**Student:** 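The structure follows.
Residue numbers run from 1 in the order of the sequence given. Computed from a predicted model, the values in this text were never measured in an experiment.
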Amino acid sequence: MGSERARDTVKRLQADITSGRWPINGRIPTEAELAAEFGVGRSTIREAVRSLAHLGMLEPAPGRGTFVRSLNPVRGVLSDFASTHSWRDILDVRRALEVQAADLAAQRRTPEGLAKLRAAHDADVSGDKATERGRTPGQFHALLVDLSGNALLADLYASLMSALREGMRRGALDNLQPAVERQEEHGALLAAIESGNSTLAAGLAASHACHDLRVLD
């Protein structure tokens, strides 16, 4: 971006995302609201959002707003590499990552991390409109991966999610699981992690990942 003000806006917005001001798959404020908060024009905000979308941190969704997709820049080369493989292969790897994340999360859980995971589950059950539900593995899954305490796993997962969202945009994948069933499975997984039962948490994660997102033939 050209001007110093524009670069500062990108840095400030990126810092807000990285700090967790908005959750994964949470909607950020509107252009007008951010422009008023940052003291810049809407065009500057629009350009900053485009820059962070290019990094995989934000994703504009026409008619719905702009959503946080990663708290850190997504490794584009990993996402591009994943997208050269079949959707079934990508889903298999996603399952493996979530199983390992659930196992580690149960072992390394922290009060703060558990509180965020519980809040994400409760928001899903209550139908909070500030986050996208039922489209891709969302906020609950991302927080579970973060709770694993493995930064490399989290980076790999974020890159894989970028590829999966592209698959959904193309109509190759969809989430066909009923909301009530998804909420029940999330609740059981959360309980296993809270209790520190890593074997149960891994098994529940494996079962859940097998049918919440599917390839459309």
**Student:** So, are R46 and E31 salt-bridged, with charged N and O less than 4.0 Å apart?
**Tutor:**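 Here R46 pairs with E31 in a salt bridge, since their nearest N and O are under 4.0 Å apart.
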
**Student:** What are the two closest non-hydrogen atoms of H85 and I90, and how far apart are they?
**Tutor:**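 Looking at all heavy atoms of both residues, the shortest contact is O-CD1, 3.9 Å.
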
**Student:** How long is the span from the OG atom in S126 to the CD atom in Q183, to the nearest 0.5 Å?
**Tutor:**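 So the gap between those two atoms works out to 9.0 Å.
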
**Student:** OG1 of T9 to CZ of R12: how many Å apart, nearest 0.5 Å?
**Tutor:**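 Going from OG1 on T9 over to CZ on R12, the span is 8.0 Å.
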
**Student:** Is there a donor-acceptor contact under 3.5 Å from the side chain of R69 to the main chain of G56?
**Tutor:**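 Not a single qualifying donor-acceptor pair exists.
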
**Student:** Verify, without hydrogens or angle tests, whether E181 (side chain) and P178 (backbone) share a donor-acceptor contact under 3.5 angstrom.
**Tutor:**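 No, E181 side chain to P178 backbone: no donor-acceptor pair under 3.5 Å.
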
**Student:** Minimum heavy-atom separation for A201 and A102, please, with both atom names.
**Tutor:**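 Nearest pair, atom of A201 first, then A102: O-CB, 3.6 Å.
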
**Student:** Give a yes or no on whether the backbone of A61 and the side-chain of R64 come within a donor-acceptor separation of less than 3.5 Å.
**Tutor:**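 No, R64 side chain to A61 backbone: no donor-acceptor pair under 3.5 Å.
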
**Student:** Just by distance, do the side chain of S207 and the backbone of G203 share a donor-acceptor pair under 3.5 Å?
**Tutor:**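 A pair under 3.5 Å: no.
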
**Student:** Just do the salt bridge (Lys or Arg N to Asp or Glu O under 4.0 Å) check on R94 and D212 with the steps written out, would you?
**Tutor:** CA-CA 12 Å; R94 171 249 168 159; D212 72 327; 2.8 Å; yes

**Student:** Is R169 salt-bridged to E166, going by a charged N under 4.0 Å from an acidic O?
**Tutor:**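 Yes, charged N to carboxylate O under 4.0 Å.
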
**Student:** Using 0.5 Å steps for rounding, measure from the CZ atom of F67 to the CG atom of N25.
**Tutor:**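 The CZ atom of F67 sits 8.0 Å away from the CG atom of N25.
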
**Student:** Strictly below 4.0 Å, N to O, side chains only: are K11 and D16 in salt-bridge contact?
**Tutor:**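 Looking at D16 together with K11, the answer is no, because their closest N to O distance does not fall below 4.0 Å.
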
**Student:** Once you round to the nearest 0.5 Å, how far does NE2 of H121 lie from CG of L144?
**Tutor:**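 Answer for the NE2-CG pair, H121 versus L144, is 13.0 Å.
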
**Student:** Could you tell me whether the side chain of R118 reaches within less than 4.5 Å of the side chain of L190, counting heavy atoms only?
**Tutor:**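 L190 reaches R118 side chain to side chain.
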
**Student:** Hey, what do you get for CG (D124) to CZ (R182), rounding to the nearest 0.5 Å?
**Tutor:**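 These two atoms lie 4.5 Å from each other.
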
**Student:** Would a 4.5 Å heavy-atom cut-off, applied to side chains only, mark H208 and Q177 as touching?
**Tutor:**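 The answer is yes; the side chains approach within 4.5 Å.
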
**Student:** Linking I/L/V/M/F/W/Y whenever any side-chain heavy atoms sit under 4.5 Å apart, do V99 and I193 land together?
**Tutor:**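 Looking at the clustering, I193 is in a separate group from V99.
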
**Student:** Checking the side chain of N175 only, and the main-chain atoms of L213 only, is there a donor and an acceptor separated by less than 3.5 Å?
**Tutor:**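 Checked: no pair found.
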
**Student:** If you compare all heavy atoms of V215 against all heavy atoms of W87, which two are closest, and at what distance to 0.1 Å?
**Tutor:**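 Taking V215 first and W87 second, the nearest heavy atoms are CG2-CB, 3.9 Å.
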
**Student:** Just do the side chain to side chain contact (heavy atoms under 4.5 Å, CB included) check on L52 and Q14 with the steps written out, would you?
**Tutor:** CA-CA 7 Å; L52 294 176; Q14 184 171 354; 4.0 Å; yes

**Student:** Would the distance check show the side chain of T84 and the main-chain N or O of F81 forming a donor-acceptor pair, the cut-off being under 3.5 Å?
**Tutor:**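 Answer holds: yes.
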
**Student:** Classify the ring geometry between F140 and H186 as parallel (under 30°), tilted (30 to 60°) or perpendicular (over 60°).
**Tutor:**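 The arrangement is parallel - the two ring planes meet at less than 30°.
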
**Student:** If you draw a 6.0 Å radius around CZ in R21, do more than 12 non-hydrogen atoms from other residues or ligands fall strictly inside?
**Tutor:**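 Result for CZ/R21: enclosed.
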
**Student:** So, E185 versus H211: side-chain donor-acceptor pair below 3.5 Å or not?
**Tutor:**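 Result is yes, a qualifying pair exists.
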
**Student:** Between K116 and D146 (salt bridge meaning N to carboxylate O under 4.0 Å), is one present in this structure?
**Tutor:**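 Answer for the salt bridge query: no.
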
**Student:** So, does S162 use its side chain to make a donor-acceptor pair with the main chain of A158 at under 3.5 Å?
**Tutor:**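 No; zero donor-acceptor contacts below 3.5 Å.
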
